[in-house]
Structures are given as C-alpha cells and as structure tokens.
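Down below is the structure, laid out as structure tokens.
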Amino acid sequence: MARAASPTASSASASRCPASRTARSRRWSSSPSTAARPSGRTCASPPSAVGASPEGGARHAVALESRLLKEAPGMPNALSVSRMTGNRSTFPQWYQAINREADLSEVSPVRGCMIIKPWGYGVWEEMQRDLDRRIKDTGHVNAYFPLFIPLSFFAKEAEHVEGFAKEMAVVTHHRLKTVDGKLEVDPEARLEEPLIVRPTSETIIGDAFQRWIQSHRDLPLLINQWANVVRWEMRTRLFLRTSEFLWQEGHTAHATADDARAETMKMLEVYRAFSEETLAMPVIAGEKPENERFPGAVATYSIEAMMQDGKALQAGTSHYLGQNFARAQNIRFQSAAGELEYCHTTSWGVSTRLIGGVVMTHGDDDGLRLPPAIAPRQIVIVPMLRDKPEDAEVLAFGEALSKQLSATTTLGERTRALLDTRAQRSADKRWEWIRRGAPILVELGPRDAAAGQVTFMRRDALRNGDKIVSQAMPLAEFVARAPALLAEIQASLFAEAKARLDANIRTDIASFDALAEYFGAASEDDEEGEAFKGWVRAPWSRPTGAALETVEERLKSLKLTLRNIPLAQTGAGGSCLFTGAPAVEEVLIARAY
RNA sequence: CGGAGUGUGGCUCAGUCUGGUAGAGCACCGCGUUCGGGACGCGGGGGUCGCAGGUUCGAAUCCUGCCACUCCGACCA
C-alpha cells in the first residue's frame, strides 16, 4: 500500500479513510491545490499521499469522489459546497455515485432506459402524491389514455410532427414466429397502420376531446394523466434524460384564449409552488424564447432550477397551445351565441427528471439529502444491537418510538418513521441511511433505552467540520418536536438552495464580450476543474426569427442557452446584450442540462 | 451520429506494453472476539476477464470485427 505520507496509519484508520483509495485520487494527486487541503473527518492522510493503492471502499464513493476535489479557486460566488459538488469536471461522476450509493436508480440492460430502484421510486411516489393533490385541488381529474398512438393521429399537427419525428419508437408488427428455433418478427403480422409509442399525448387526448366536447357547457375540460412516455434519445443520463421516463401530463380545453392562458399560468404556478415547497428546490418561472417552444405551442413557460454545478435544469413546462391542436383535430364547441368555435388548449408536465434535480440540488459529500416532504422515510431508527440481553429493551424502545412517531403528523401527512431491524451491522445501516438521505436518523443504544432518551442526527446538518453532530432529548419531547424538526429541515434545505440561486445570478454583465469573458475563460481550462459559473440575467430586445437564431448561434459557441424570460421582471432598462437595441425585458442565460 | 475514453467477481480497480492458464480492497457467507461514531481475527463462496472470429503449443494480454457504457459535441423533459 502506498500510503507514504502516513506511515503510522493502521489498517483500521485506513478503512475509515476511503478517500485515499480510488484510482481516481491519482488524478488530483498532482494538483497543488489538493495537497494543501486538510483531510476531511477522520481521514488522517491527505489525498495526495495516496498513489496506486487499489484498496476498495466502493460504498464510500460519494464521499471519496467529492472530498478529493479542488476548492473553487477564488470564486466570489463560489458555492458553499463547491469543493465537492460544484466542480464541473467531477460533477457527473458525483451524480452517478449518488444514484448508485443512495439506491436511486441504475442503467438497465435496455439501451437508454433506467431501473428506478425502490428508494428512488419511493421518492417519486411521494412526489406523485403531493403533486396529484395539487393538480386535483385546481380542479383537474385523472384519466388514462393509450400508450400507442396511431401514426395518423400524430401526423395531424405539422410542427408537432417535426418536433418529435426524430425520436420516435414505432410498433410495426404484432406477432413473432419461430424460425429454426429462433424467434423472429413475423412479416405476415405487419400492422396496417404503424403505432407510435407516445412521446406525449396531445394527439391521442385531443382525439378524445374532439368527441367529448360539444357545448361551451363542456368547458373547461381539465384532464391529467400519469404515464410513461418514450423519446428515443441519443444520449441518456439517469433521471435527467432517458428513453423512457415517467411523468404527469395535463391536457385542458377552454372556450377562450384568456381562459387557456390563465390555465397555463396557473399550472406553471402549481409547479413553482410544488418545486419550492415540496422539493425545496427554488426555481425561476418564465416564458421560453420562441425557438424553445414545445412543438405546436403558441407559448411555452418553464421553471428553471440551478444545480450545484451551476447548470440550469428545466424542471417543468406549461404550454398554451392556442387553437393549433384544436384546428388540427377539430376540437370544437358551440358557444352560448350558437357559433361553432375551436377550443383553446393547454398542456403541462413534470417528470422523473425532478428526482435528478433534487439530487443535484441537495446532495452533498455524504450522499443524498432528501427534503422531508418527499423522503419515503423521514425518521429512521437504527437500533444498536449487540447480541446481548439489553437488545430486547433497545428494540422495545425503538418500536415504541416508531409507533409514537407514526401517530404524529408532519407537513400534513402521517410521519413516516422506520425502525430498521435488519441484521446488518448498525454502523453500516447508519451510513446507508445517511447516503440515502433520510432527514432524521435516530441512533438507539442501550444507554438511550435506559435513560428514555433519543439521540439523533439531522441529515441537513450532519457535520460540524469533521465531527458528526448528534443531539439527544427525552422520548416524549422528541416525539412532540419531530414534526417541527422535519419542517425545519425542509425549510433549511430550501433556504440553502435559495441562497445559492440568489447569489449566483449575475446581473452586471452588460455586453456580449463580458458574457464571453465570464463563461468563455473557464472553458479554456483543462478538465481538471472548471470554476463554478452560475447564471446571467441580462437585458435584451426580444429578437425573433432569424435574429433570434443568430443570438442562439453566438450563445452556442459559449455552450450557453437562453433559459427563460422570468415572469418577475425588475424593469431595469439598458440595451440588449445581443443587438444593442433598447431592451424590453431581461432573459436568463445559462449552461443547461 | 462525430470526437475521446473505458469494459476483469456485487462495487472500485490492478494485471494487458513484455502471451504461460486470474488478483486486491470493500461487499457477501460461517465461527469467535467486539460494539455510542463507517470493528478485528480466522475460515469460506463467487469471475468461461463485454461478444464473435483469428494468430499461437498456450490469449484477460496480440490481430480483426461487433456490442455496451462514460465524458464532450449535435438533439431533447
């Protein structure tokens, strides 16, 4: 073992020092800024001390990947956690490590598709439950439409077709046959009309709307569907972009443009509130520039969230479709005046991508941190069992605690507590729950049982420097305070992310050159570590058509995109960053997922 | 689809240059000692080295083709 700088380290301390072990560490070992960094936690030797030692510690990958990273050098707006997660060059590895170590998801044998593991799916279920409530509270009802859409349906809206045609899964046959012991597609079983696997459901739902709507009394028609969709993506990443993903898609029809526009904005606001209140993920809501519109839409709005590497994630969209789909599909109603008119429709959706957003918003060196509102288990009790008589008391105490906690109400729901009685070692279980992001972790030992007290850790504030922070209080007090404590964790995660977002949107960039300097300089760095860059909010003249395309081209050279035009405008004047013309509003510019 | 890289037990990797019949740590199983900050000892189980051909007495290693994954582009929730 090449642990040159700490010759005294015992194997025991080495085992607690996983940072010293991956081959990755060699990548940074020559970096001057790494060597000086004090080792984290119980780790005795600096990362640079380690060479080719192949010792393992795979389960610690989240911690070890990130601990080795460079500090963001001299960045005024550097994230508080940028030394681990804010480093652009290692962020993808960190992201994948969390997916693996927090048991969220894994790539499947099917190209471009993922397996959402129970813990990750549990998070999705909590999201679904909360958002479904919000969707129903705004008057919508759930329904389900077919996975397969006849090609002819899909073909009706020209822009829509153009937007999705390149990423379509198509079903052409309905039978297999065995030839020489091998299964083959039966050429005899060709479908008369190919079916596409839905990439979105405007057309199949529009077809139903066309039949369901006759009178203005049938409007508004407010439908939502929870479903999977398929878009044949070239490049996929867990949760953020996969060929198949889960989502919710709302589809509504209205009598007037005003009503439909109001619906579009209402659902955008539902998404904003859901994202900020439930996911603790601050967002900026705004309108997409015309070239970023949903295919077939008159206007598209989005909420954009800032990830810990500074990139923007489109976290939800809401579209005003005008009468485009109504005309294409003959969705008409008879008005009070007796006239036949086309409906105005909307659609809006969020997907399992949000899970990726939560990971990249709240994750840290120790793994995932889940906002209590979406944590499948909010309080996990790990009993310290030692194969001794007092184990029974510890377990009994734990069961009582779990039961009492489950009788309380947190954030409007029954508190989700778990007594983890699995046979694994307590220490392993503790770290597993830390990596998974359980908001509160209770460690229950004989001393607690005897004293009738609860010792616990908050995942949002797990460490003070290198030390794990735990606190203790009497059972009754803990049970009484747990809901408030969880609410506090929810709030603190949001506050942390909100502060990061607010601190990293620059509004002082007044020219394209300045923009290029800010973003361009970093891209010339090698992969060793690009400094954190946030977003830029800049005045612009809202160019359209070819002029807008030119803007996009120039931004592309800097790997930048227009995210949205925030609804909340400051009214600041100035001249357009791109055209020099008088600005009419501000636009958000960022690198994006 | 272009550029770069990687495929070796569950995980992270060494071994490939210089062919000789597969390793480490962690994880897993058993026993014992431990146990409030990622325990220790002893003993085990698990890999046709991404796939298919080829060269060779012999291939993880050399050659050819293919596939998959990761990162960077193009495309997108």
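In what follows, chains carry the letters A, B, and so on, assigned in the order in which the sequence lines appear, proteins first and then strands, with residues in each chain numbered from 1.
- If you check rC42(B) for Watson-Crick or wobble pairing at under 3.5 angstrom, you find it paired to rG30(B).
- Where Glu292(A) and Leu444(A) meet RNA chain B, the nucleotide closest to each residue was compared, and Leu444(A) sits on the side nearer the 5' end.
- For the residue pair Ser347(A) and His319(A), no side-chain donor N or O sits within less than 3.5 Å of a side-chain acceptor on the partner.
- For the residue pair Ser201(A)/Gln225(A), the side-chain donor-acceptor check at 3.5 Å is satisfied.
- Rounded to a whole angstrom, the distance from the C1' atom of rG46(B) to that of rU8(B) is 14 Å.
- For the P atom pair drawn from rU55(B) and rU64(B), the interatomic distance equals 15 Å after rounding to whole Å.
- Looking at heavy-atom distances under 4.0 Å, Lys288(A) makes no contact with the nucleic acid at all.
- Remark: P of rG36(B) and CG of Asp428(A) are 13 Å apart, rounded to the nearest angstrom.
- The partner of rA24(B) is rU12(B), by the rule that a Watson-Crick or G-U pair needs both atom distances under 3.5 Å.
- Going from atom NZ of Lys467(A) over to atom C1' of rG38(B) covers 16 Å, rounded to whole Å.
- Nucleic acid contact class of Ser351(A) (heavy atoms, under 4.0 Å, all strands): base.
- In this structure, of rA77(B), rG36(B), rC75(B), it is rA77(B) that holds the atom nearest to the side chain of Phe245(A).
- In this structure, the CG atom of Asp103(A) is 13 Å from the P atom of rC11(B), given to the nearest Å.
- Checked by atom type, the side-chain pair Asn564(A)/Glu287(A) shows no donor-acceptor distance below 3.5 Å.
- Considering only the side chain of Arg100(A), rU12(B) comes nearest among rG36(B), rG38(B), rU12(B).
- Between Trp433(A) and Trp119(A), the gap from one ring centroid to the other is short of 6.0 Å.
- Pair assignment for rG58(B) gives none, since no Watson-Crick or G-U wobble pairing has each distance under 3.5 Å.
- As judged by a 4.0 angstrom heavy-atom cut-off over every strand, Thr200(A) is placed among residues making no nucleic acid contact.
- Using a cut-off of 4.0 Å between Lys/Arg side-chain N and Asp/Glu carboxylate O, Lys388(A) and Asp391(A) are scored as not salt-bridged.
- If you take atom C1' in rC62(B) and the same atom in rG43(B), they sit 40 Å apart, rounded to whole Å.
- Panel note: side chain Arg293(A), backbone Val298(A); a donor-acceptor pair is recorded below 3.5 Å.
- Both distances falling under 3.5 Å, in either a Watson-Crick or a G-U wobble arrangement, occur for no nucleotide opposite rG36(B).
- One can place CZ of Arg430(A) at 11 Å from C1' of rA39(B), the figure rounded to the nearest angstrom.
- Between Lys559(A) atom NZ and rC75(B) atom C1' the separation is 17 Å, expressed in whole Å.
- Taking the ring centroids of Phe294(A) and Phe164(A), they lie under the 6.0 Å cut-off.
- Taking atom P on both rG47(B) and rG5(B), the two are 32 Å apart, rounded to the nearest angstrom.
- Ion pairing between a basic and an acidic side chain is recognised when a charged N comes within 4.0 Å of a carboxylate O; Arg463(A) and Asp365(A) show no such pairing.
- As judged by a 4.0 angstrom heavy-atom cut-off over every strand, Phe164(A) is placed among residues making no nucleic acid contact.
- Residue Glu233(A) is in base contact, counting any heavy-atom pair closer than 4.0 Å across all strands shown.
- Across the interface with RNA chain B, nearest-nucleotide mapping of Gly316(A) and Gln424(A) shows Gln424(A) to be the residue nearer the 5′ end.
- The partner of rG2(B) is rC72(B), by the rule that a Watson-Crick or G-U pair needs both atom distances under 3.5 Å.
- On the C1' atoms, rG25(B) is 34 Å away from rC66(B), given to the nearest whole Å.
- We find that CD of Glu432(A) is positioned 11 Å from P of rC28(B), with the value rounded to whole Å.
- One interatomic measurement links the two molecules: CZ of Arg435(A) to P of rC26(B), which rounds to 16 Å at whole-angstrom precision.
- With no hydrogens or angles considered, a side-chain donor-acceptor pair links Thr278(A) and Arg134(A) at under 3.5 Å.
- Glu167(A) places its CD atom 7 Å from the P atom of rA77(B), with the value rounded to the nearest Å.
- Comparing the same atom, C1', in rA4(B) and in rU61(B) gives a spacing of 23 Å after rounding to whole Å.
- Side-chain atoms of Thr346(A) and Thr252(A) form a donor-acceptor pair, as typed in the model, at a separation below 3.5 Å.
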Practice problem: Would you sort out whether Phe154(A) and His160(A) count as a ring pair (Phe, Tyr, Trp, His ring centres under 6.0 Å), showing the intermediate values? | Solution: CA-CA 8 Å; Phe154(A) 184 74; His160(A) 193 60; 5.2 Å; yes

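- At a threshold of 4.0 angstrom between heavy atoms, the contacts of Thr242(A) include nucleobase atoms, whether or not backbone atoms are also involved.
- Rounded to whole Å, the separation between the P atoms of rC51(B) and rU34(B) comes to 47 Å.
- The closest donor-acceptor contact from the side chain of Ser275(A) to the backbone of Tyr271(A) lies at 3.5 Å or more, if one exists at all.
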Listing time: all N or O pairs from protein to nucleotides 68-70 of chain B that are below 3.5 Å?
{"from": "rA68(B)", "atom 1": "OP1", "to": "Arg111(A)", "atom 2": "NH1", "distance (Å)": "2.6"}
{"from": "rU70(B)", "atom 1": "O3'", "to": "Gln96(A)", "atom 2": "NE2", "distance (Å)": "2.9"}

Any N/O pairs under 3.5 Å between the protein and nucleotides 30-35 of chain B? List them or say none.
{"from": "rC35(B)", "atom 1": "N4", "to": "Arg386(A)", "atom 2": "O", "distance (Å)": "2.4"}

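- Here Leu354(A) lies out of heavy-atom contact (under 4.0 Å) with every strand.
- If you take atom C1' in rC13(B) and the same atom in rA22(B), they sit 14 Å apart, rounded to whole Å.
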